[in-house]
Asker: 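Pasting a structure here, questions to come.
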Amino acid sequence: WGAPARLSHPRVRARNPAVAAGPGGRAVAVWRERVPGSEVRRRFSLPGGAPAGALAVRLGTRWRAVASVRSPAGWSPAGRVSPPARRERDVRAPDVAMADSGEAIAAYALDGRAWAVARGATGAWGRPVPLSRGPEVATDPALAIDPGSGWGLAVWAARLDHPRSGRRWSVRAAVRPPGRPWEPARTLAADLPGMPLPAAAVNGRGEAAVVWQADGTRAANRSADGSWSAAELIAEASPAPLPGSVAVGPEGEAFALTSASSGPPGAGRTISLLLRRPPGGGWAPAAPGLAAGARALAIDRAGGVVLL
């Protein structure tokens, strides 16, 4: 390992970094940083005139997403990829992905919408593009990209606060074919009582899989022709659900790593469960017991599965 490199300004509070890497030592990092506003100070005195103290308030604090790109020459200065946001929860957890060509995509939530912004292999960051519309509030979009082809997939949870039924959630997904604009977002699930924590993967033919939590683990799959399957339950609810992860191989074989119960409802403990979906088939447990303590999943370019 080399020496650490400082990417953010030492006087700026930076949080929630994400990183993606490409061939030839190229990489891109994105994070959230706070842009301090102006400080207003007011001093107070006792009735006799003696100092009683002071109060300092900072006004106009903003948050924004920024990124740095690494080339063989080193890391570039950090540059913003989102406009400044006034709400503290905006651009809370930006994500980033990188293709073999060096193209990078960043995604974030701002003003209740999901946004994506792309950077060419040698150029600057482009203009942010909205992925979501409507009254729902998008939260923390996640990205997946096929490194070889450049197929991209963004997925996010959308929140809607109803005066009668309360807070409900949806799962949304948007696909970006190589060299083309983002397609309109699709609704994969709606009217969910809790935050679904979606995860996504896509391969070089545009085949994709998305998993999320909704009284168990559920999944939807995208075929190469662009059609999405209906959501299906692939794992029963566990005592302490964990965010799932998913991967799609070059021939369409998909794997999902999620949480499950080791025993009957109310009596078991939470374990990790690995599921497999062959091309054109259904989800089923794979290698029972092998993934009991696993927390991360990936597929290499030859179709090999890696568990961590």
Side-chain angles (χ1 to χ4, degrees), residues 18 20-24 26 28 95-107 114 116-121 126 129 131-132 141-156 171-189 198-212 217-232 234 244-258 274-287 296-307:
R26 290 176 294 190
V28 59
D95 198 12
V96 68
M98 193 174 205
D100 288 349
S101 64
E103 180 191 26
I105 304 173
V117 57
R119 179 189 184 275
V129 176
L131 303 180
S132 64
L143 283 170
I145 196 170
D146 178 72
S149 67
W151 272 94
L153 174 62
V155 63
W156 62 94
V171 177
R172 312 285 193 202
V175 173
R176 199 205 66 165
R180 294 170 56 189
W182 288 91
E183 295 180 355
R186 297 287 298 269
T187 301
L188 305 184
V202 64
N203 70 4
R205 302 190 302 199
E207 297 167 311
V210 178
V211 298
W212 64 90
T217 302
R218 300 178 187 270
N221 314 302
R222 184 185 189 273
S223 302
D225 63 7
S227 61
W228 285 90
S229 70
E232 61 177 310
I234 63 173
S245 60
V246 64
V248 180
E251 300 301 322
E253 184 181 32
F255 288 86
L257 183 66
T258 186
L274 179 67
L275 299 115
R276 173 181 177 268
R277 185 184 64 82
W283 290 96
L297 164 72
I299 289 183
D300 62 25
R301 301 197 183 191
V305 180
V306 181
L307 293 174

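Source: prediction; values computed, not measured. Quick note: numbers below take in every heavy atom, side chains included, and nothing from hydrogens, waters or symmetry partners. For this chain, numbers begin at 1 and follow the sequence in order.
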Asker: For Gly126, is there any backbone N or O sitting under 3.5 Å from a side-chain donor or acceptor partner on Arg119?
Answerer: no
Asker: Sequence neighbours excluded, which residues qualify as side-chain hydrogen bond (donor to acceptor under 3.5 Å, both in side chains) partners of Ser149?
Answerer: Asp146
Asker: Without placing hydrogens or testing angles, list every side-chain donor-acceptor pair under 3.5 Å for residues 175-186, not counting sequence neighbours.
Answerer:
{"unit_1": "Arg176", "atom_1": "NH1", "unit_2": "Glu103", "atom_2": "OE2", "d": "2.8"}
{"unit_1": "Arg176", "atom_1": "NH2", "unit_2": "Glu103", "atom_2": "OE1", "d": "3.1"}
{"unit_1": "Arg176", "atom_1": "NH2", "unit_2": "Glu103", "atom_2": "OE2", "d": "3.4"}
{"unit_1": "Arg176", "atom_1": "NH2", "unit_2": "Gly150", "atom_2": "O", "d": "3.2"}

Asker: Can you list the residues that meet the side-chain contact (heavy atoms from CB on, under 4.5 Å) rule with Ala201, with sequence neighbours excluded?
Answerer: Val246, Val248
Asker: Residues in salt bridge (Lys or Arg N to Asp or Glu O under 4.0 Å) with Asp300, at least two apart?
Answerer: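 Scan of Asp300 (salt bridge (Lys or Arg N to Asp or Glu O under 4.0 Å), adjacent residues dropped) gives none.
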Asker: What is the minimum heavy-atom distance between Ala219 and Val211, and which atoms define it?
Answerer: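 The pair with the smallest heavy-atom distance is CB-CG1, 3.9 Å.
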Asker: Sorted by first residue and then second, give each salt bridge (charged side-chain N to carboxylate O under 4.0 Å, His left out) pair with at least one member in residues 274-283; sequence neighbours left out.
Answerer: Glu253-Arg276
Asker: Can you name the salt bridge (Lys or Arg N to Asp or Glu O under 4.0 Å) partners of Arg218, sequence neighbours left out?
Answerer: none
Asker: Restricting to side-chain contact (heavy atoms from CB on, under 4.5 Å), what partner residues turn up for Pro147, sequence neighbours left out?
Answerer: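 Per chain and number, Pro147 pairs via side-chain contact (heavy atoms from CB on, under 4.5 Å) with Asp100, Arg301.
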Asker: With side chains defined as the heavy atoms from C-beta onward, is the minimum distance between Leu153 and Val210 less than 4.5 Å?
Answerer: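 Sidechains of Val210 and Leu153: in contact.
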Asker: Among residues at least two apart in sequence or on other chains, which ones pass salt bridge (Lys or Arg N to Asp or Glu O under 4.0 Å) with Glu251?
Answerer: Arg205
Asker: Output all residues satisfying side-chain contact (heavy atoms from CB on, under 4.5 Å) with Ala114, sequence neighbours left out; order by chain, then residue number.
Answerer: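 Applying side-chain contact (heavy atoms from CB on, under 4.5 Å) to Ala114 gives Leu131, Ser132, Ala138, Pro141, Trp156.
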Asker: Kindly write out the residues that satisfy side-chain contact (heavy atoms from CB on, under 4.5 Å) with Ile299, not counting sequence neighbours, or none if the list is empty.
Answerer: Ala247, Phe255, Val305
Asker: Does a side-chain heavy-atom distance below 4.5 Å link Leu188 with Trp212?
Answerer: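 A side-chain contact under 4.5 Å exists here.
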Asker: Looking only at heavy atoms, which two atoms of Ile145 and Ala97 are closest? And how far apart?
Answerer: CG2-CB, 3.5 Å
